[in-house]
Number of protein chains: 2
Amino acid sequence: MTSPAAGKPIRTAITDDDGIDFAIIELFFFAYRDFTSDPDQILADYGFGRAHHRVLHFVNRRPGLTVAELLDVLKITKQSLARVLKQLIDTDHIVQVQGPRDRRQRELYPTAKGRALALALARPQSRRIRAALEDSGATERATIERFLEAMVNPELRAQIDIVPAQTSGKNHGDH
Amino acid sequence: MTSPAAGKPIRTAITDDDGIDFAIIELFFFAYRDFTSDPDQILADYGFGRAHHRVLHFVNRRPGLTVAELLDVLKITKQSLARVLKQLIDTDHIVQVQGPRDRRQRELYPTAKGRALALALARPQSRRIRAALEDSGATERATIERFLEAMVNPELRAQIDIVPAQTSGKNHGDH
DNA sequence: AAATTACGTCAATAGTACTGACATAATTCC
DNA sequence: GGAATTATGTCAGTACTATTGACGTAATTT
């Protein structure tokens, strides 16, 4: 069962006492695992994967962003994006428009079909978040947003909060 | 640039006004992306990937768990686990011990080497969490833990909080 | 005119996952 | 005791997402 030169089994659990915040590390893993599992069902119906979801999300969030900008947000390579983007364009979820100033650029926009799919994918995720915030007020929500934002690399924080809700006056942050 | 039958580009951004909590959806994506990027550097030195990290983590967290239990926690298939687990055993990070009651079972334990690697991988993640909680007190921390736990599928919450810190009396939840 | 930039594409490879099938040993059920 | 089930391991084939490196084209900048 154990090979001759194998080390001895350690029988005690690693814990927060080792100076590491395992509680939150683990919670973060489970939370994200289930968070991403929601849209996976829907994506399977289209023959799409998570990569398609991410592209669709950001094209809807920042319509008109260029290919280079998208690569920067997703932190993947051009070659990785190519297949996924091509499929989304071929299936009429995303359209490319020649850049107005620089004609080398391709501005990416969602179609009505792409907008609808992005919303359908986000709906179960939003529902999960709403349920998790059920008994929370604006204070708790702010705490969670601050925490998540602080988890992002400082130099990349510019990527977030680019799209503030264009609320007319609805106090929709409250619960 | 646009194919003949292509839909028209939508030029307005999708926002929280569409009834979806895009703010937190996006924050969660960025936060997790950077959270997992920390250990990736270290793993590369060993020729390991994220799958190895996850296995190593849970074997350290719940020493003696069986293969079946590990599959259940990770929510992957036996075949997916096989290669990764074999590599970790071959490199003497994990050892298998025959189950005491049921000899068909293989209890998984970390070696000293496996314990050390698990700690090394968790260290930068824990540092990131500590930094994100810098100005937070016990209340904020509790809010965040509650939120993350509520994001997990209810029927799977049994998987978490199995390993409470065996603190003697240190009030280590406070900052 | 030359260099750079933005984008697209081809080829090869890696890591992680999947389904389906089959084998072995140990336990449980009848 | 024999049959069924369980825990684990393994083989084969496939899919998705990602990588590096190289090359081509069109447009812009120097």
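Residue numbers begin at 1 in each chain, while the letters A, B, ... track the order of the sequences. These numbers were taken from a predicted model, which means no experiment stands behind them.
- If you take CD of B/Glu69 and C1' of D/dT6, they are 14 Å apart, rounded to a whole angstrom.
- Checking C/dA21, C/dT16, D/dT19 against every side-chain atom of A/Ser80, the shortest atom distance belongs to D/dT19.
- Distance, A/His53 NE2 to D/dC16 P: 17 Å, rounded to whole Å.
- The side chain of A/Gln79 sits closest to C/dC10 out of C/dC10, D/dA18, C/dT16.
- Residues B/Tyr46 and B/His53 place their aromatic rings such that the two centres sit no closer than 6.0 Å.
- A ring-centre distance under 6.0 Å is found for A/Phe28 and B/Phe28.
- Between B/Thr77 and C/dA17 there is no side-chain N or O to OP1 or OP2 distance below 4.0 Å.
- A donor-acceptor contact under 3.5 Å links the side chain of A/Arg104 to the base of C/dT5.
- Rounded to an integer number of Å, the gap from CZ of A/Arg106 to P of D/dT25 is 15 Å.
- In this structure, the nucleotide among C/dA26, D/dT8, D/dT17 sitting nearest to the side chain of A/Arg83 is D/dT17.
- Here D/dG9 presents its P atom at 8 Å from CG of B/Leu108, a figure rounded to the nearest Å.
- Rounded to a whole Å, the CZ atom of A/Arg101 is 14 Å from the P atom of C/dA6.
- A donor-acceptor contact closer than 3.5 angstrom is absent between the side chains of A/Asn153 and B/Arg33.
- Side-chain polar atoms of A/Gln87 and A/His93 form no donor-acceptor pair below 3.5 angstrom.
- Between A/Leu81 and A/Asp102, the residue whose closest nucleotide on DNA chain D is further toward the 5' end is A/Leu81.
- Each of A/Arg103 and A/Phe48 was matched to the nucleotide of DNA chain D holding its nearest heavy atom; the match closer to the 5' end belongs to A/Phe48.
- With D/dT8, C/dA17, D/dT17 as the choices, the nucleotide that has an atom nearest any side-chain atom of B/Ile76 turns out to be C/dA17.
- Checked by distance alone, A/Lys78 brings a side-chain donor or acceptor within 3.5 Å of a matching partner on the base of C/dG8.
- Heavy-atom neighbours of B/Lys86 NZ from other residues, nucleotides or ligands within 6.0 Å: at or below the threshold of 12.
- Phosphate proximity of D/dA26 to A/Gln98: absent, as no side-chain N or O sits under 4.0 Å from OP1 or OP2.
- A ring-centre distance under 6.0 Å is found for B/Phe58 and A/Phe29.
- To the nearest angstrom, C1' of D/dT17 lies 16 Å from CZ of B/Arg33.
- Distance A/Arg50 CZ to D/dA15 C1': 14 Å, rounded to the nearest Å.
- Regarding contacts with the backbone of C/dG15, every side-chain N or O of B/Arg54 stays at 4.0 angstrom or more from both OP1 and OP2.
- Projected onto DNA chain C by closest heavy-atom contact, A/Ala68 and B/Gln87 fall at different nucleotides, the more 5' of which corresponds to A/Ala68.
- One can place NZ of B/Lys75 at 17 Å from C1' of C/dT16, the figure rounded to the nearest angstrom.
- The side chain of B/Val67 has D/dT8 as its nearest neighbour among D/dT8, C/dA26, D/dT17.
- Between A/His52 and the phosphate of D/dC16, there is no side-chain N or O to OP1/OP2 separation shorter than 4.0 Å.
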